[in-house]
Amino acid sequence: MNIFNYFESKFKEIVDEMRRAGVFPETADTSKIVFELPRDPSHGDIACNAAMILAKQVKMKPRDLARLLATRLNSCDGVTTVEIAGPGFINIIVEPRLWSSELRAILAAGKSYGSNNSGAGKSVNIEYVSANPTGPLHAAHARGAVLGDALAGLLEFSGWNVTREYYINDAGGQVDTLARSVYLRYREALGENISDIPPGLYPGAYLQEVGKALAARDGDCYLEQDEAKWLAPVRIFSIDAMMSIIRDDLLRLGIKMDVFSSERLLVEDGKVQAAMAKLHKDGHLYRGVLEPPKGKEPEDWEPREQLLFKATTFGDEIDRPLQKSDGSWTYFSSDIAYHLDKLERTGGNLINIFGADHGGYVKRMMAVVEALSGQKDALDIKLCQLVNLMENGKPVKMSKRAGNFVTVRDVIDTVGADVIRFIMLTRRSDQTLDFDYRKVTEQSRENPVFYVQYAHARCCSVLRQAGALQDEVCLERLTAPAEMALIKLLVSWPRIVVSAANAHEPHRIAFYLMDLASTFHSLWTAGRENPTLRFILDDDVDLTSARLWLVKATALVIRSGLGVLAIPAKDEM
RNA sequence: GCGCUCGUAGCUCAGCUGGAUAGAGCACUAGACUACGAAUCUAGGGGUCGGGAGUUCGAAUCUUCCCGAGCGCGCCA
């Protein structure tokens, strides 16, 4: 049993006992009580805040309550001493065997150490990337892609049944523009001189190949036709071509989607009408006129009666339009149908990864999912901020108009997928991130991926030196402060996983790995300066064994952590 | 004008959902290779957590009002 769980269950027994004795009211709320590793080692091995949380509910002074609880905890198996500090912290010092049994648990669990079943096999759907199928993924897409995929891995590791999903926006005007752009390249492929790309069409050279492929497949049959005839087949061909590029880009990033959902199919299957009917039945729709936005009034604003969703009922600022003036559905409408579809497939637990530029879209999406599902927390939307591409500290100039943006593929070719996957998680997702693709290829502490990989490689190096490991070891021999610091960090790995998964914040895994690597490097160098701290000792076979198992455990946890992020560990650099 | 995301050391950022004296890296200063991989490590200085008020045993974290940055604001997706 995990040491934290051990104390939590012991504490629960104490609380139950107190309730029976009438010291605690039946209603006492213990949900905010935690047992944790204190930052400062002088505060003991495990610290608990129970006395401060319960003091008011129990009508006792925190320190008095702490004393009461401390005597009970003191009699628990494995506890050496219990101290009361500050406003009422209960600091527990445990017998070394508790730590060594934790270490044994790591070695027994192997790579799966840290995995847990907090998801209990429930389904969760993560929609991410969902870039418009009008070109290859550009560098900015990589962040949302990595965030979503790492979150997927994290939730799988926590016992969730994860669906990775990509929503293809193939029903709007942008794919018509794509088709027209490809048609131009198609004429070019058939020998026509097209000169400049007219404004409003996509200029990217990547469409030349698509035009050629279309000409090769269908010949010149579209040349004499009206747009009304060639638009549909060219559009389908173009979207397929773009999606195959995007799928390939994702695969190079190590991302494999389970489901690609098509907006066009939803619309054609009448899913939008169905979703609207449901909203209408539940009284969430009406026809009305919107006020123009205050302060910034568009010049061409005309009051217009339109079909609206009562988003204000669910906390949005204004009600949201569902139909364009020509009667066709807005993007929001098909997105409603899409989310209803996802709700029906998964029964809730939806996560969307959005770019920061979609921030204004969050409230209405949350509102409509609440309206459709009747639950407030069926959907979580993670906004992910911009990536500033840098080269040696200088921003890389990108002009979308000229079509010379930096693609994901470019970045993968220069730095590799592992580096991208890790670097994208070295910031909280709602913080902007500078990605310097010169610095991240350095082999130094400047490059966190390297730093973590190197720690793992060093572990492997020691284990190679040592040869076969002994089975019977006395792990209680591990007592040096630097060793204890490492053990405690290793033991906290399962908690990091749970908290990161609950918060939907995979960056915590990356930060933990950097912390772990640092602690291990530190222990390593301690052995250089103090030979008695070296892992391999000529004159003490038993202590050597114990230390080798510690190294083995460190390697396992690093491998486990990198595995959650879908980054391979390296045995040698 | 309104909304969203933010503001933490000179710079780049963490801070485990309210805990103890706010932590890392870079840069700067001074050190450690006859060595299990020095591609690393040790030590030091550096802070009104944007500002004010509030909530309570306790606030970087929660509430509110200012200041500043980025993003968004009917028939684009």
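Letters go in sequence order (proteins before strands), and every chain restarts at 1. The model shown is predicted, which means the values in this text are computed figures rather than measured ones.
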- prompt: For atom P, what is the distance between B:C4 and B:C62, given to the nearest Å?
  reply: 14 Å
- prompt: Has A:His43 got its ring stacked on the base of B:A20, with centres under 5.5 Å and planes less than 30° apart?
  reply: yes
- prompt: Using atom P of each nucleotide, how far apart are B:G23 and B:G19 to the nearest Å?
  reply: 14 Å
query: Ignoring hydrogens and geometry, is there a side-chain-to-backbone donor-acceptor pair from A:Trp549 to A:Gln470 under 3.5 Å?
result: yes
- prompt: Quick one: is B:G15 close enough that its OP1 or OP2 comes under 4.0 Å of any side-chain N or O from A:His507?
  reply: yes
Span that lies between the C1' atom of B:U61 and that of B:G44, in whole angstrom: 30 Å
- prompt: For A:Leu37 and B:G15, what is the distance between atoms CG and C1' respectively, to the nearest whole Å?
  reply: 15 Å
query: Base, sugar-phosphate, or nothing for A:Leu290, non-hydrogen atoms under 4.0 angstrom?
result: nothing
query: For A:Tyr454 and B:G37, are the ring centres under 5.5 Å apart with planes inclined under 30°?
result: no
message: Tell me whether the NZ or CZ atom of A:Arg495 lies within the 45° cone about the ring axis of A:Phe4 and under 6.0 Å from its centre.
response: yes
message: Could you check whether any side-chain heavy atom of A:Thr134 comes within less than 4.5 Å of a side-chain heavy atom of A:Tyr202, counting everything from C-beta outward?
response: yes
task: Examine B:C11: is either OP1 or OP2 under 4.0 Å from a nitrogen or oxygen in the side chain of A:Lys439? Give yes or no.
output: no
query: If we take the P atom in both B:G74 and B:G3, what is their distance in whole Å?
result: 16 Å
- request: Determine: side-chain N/O of A:Lys363 to OP1/OP2 of B:C4, distance under 4.0 Å, yes or no.
  value: yes
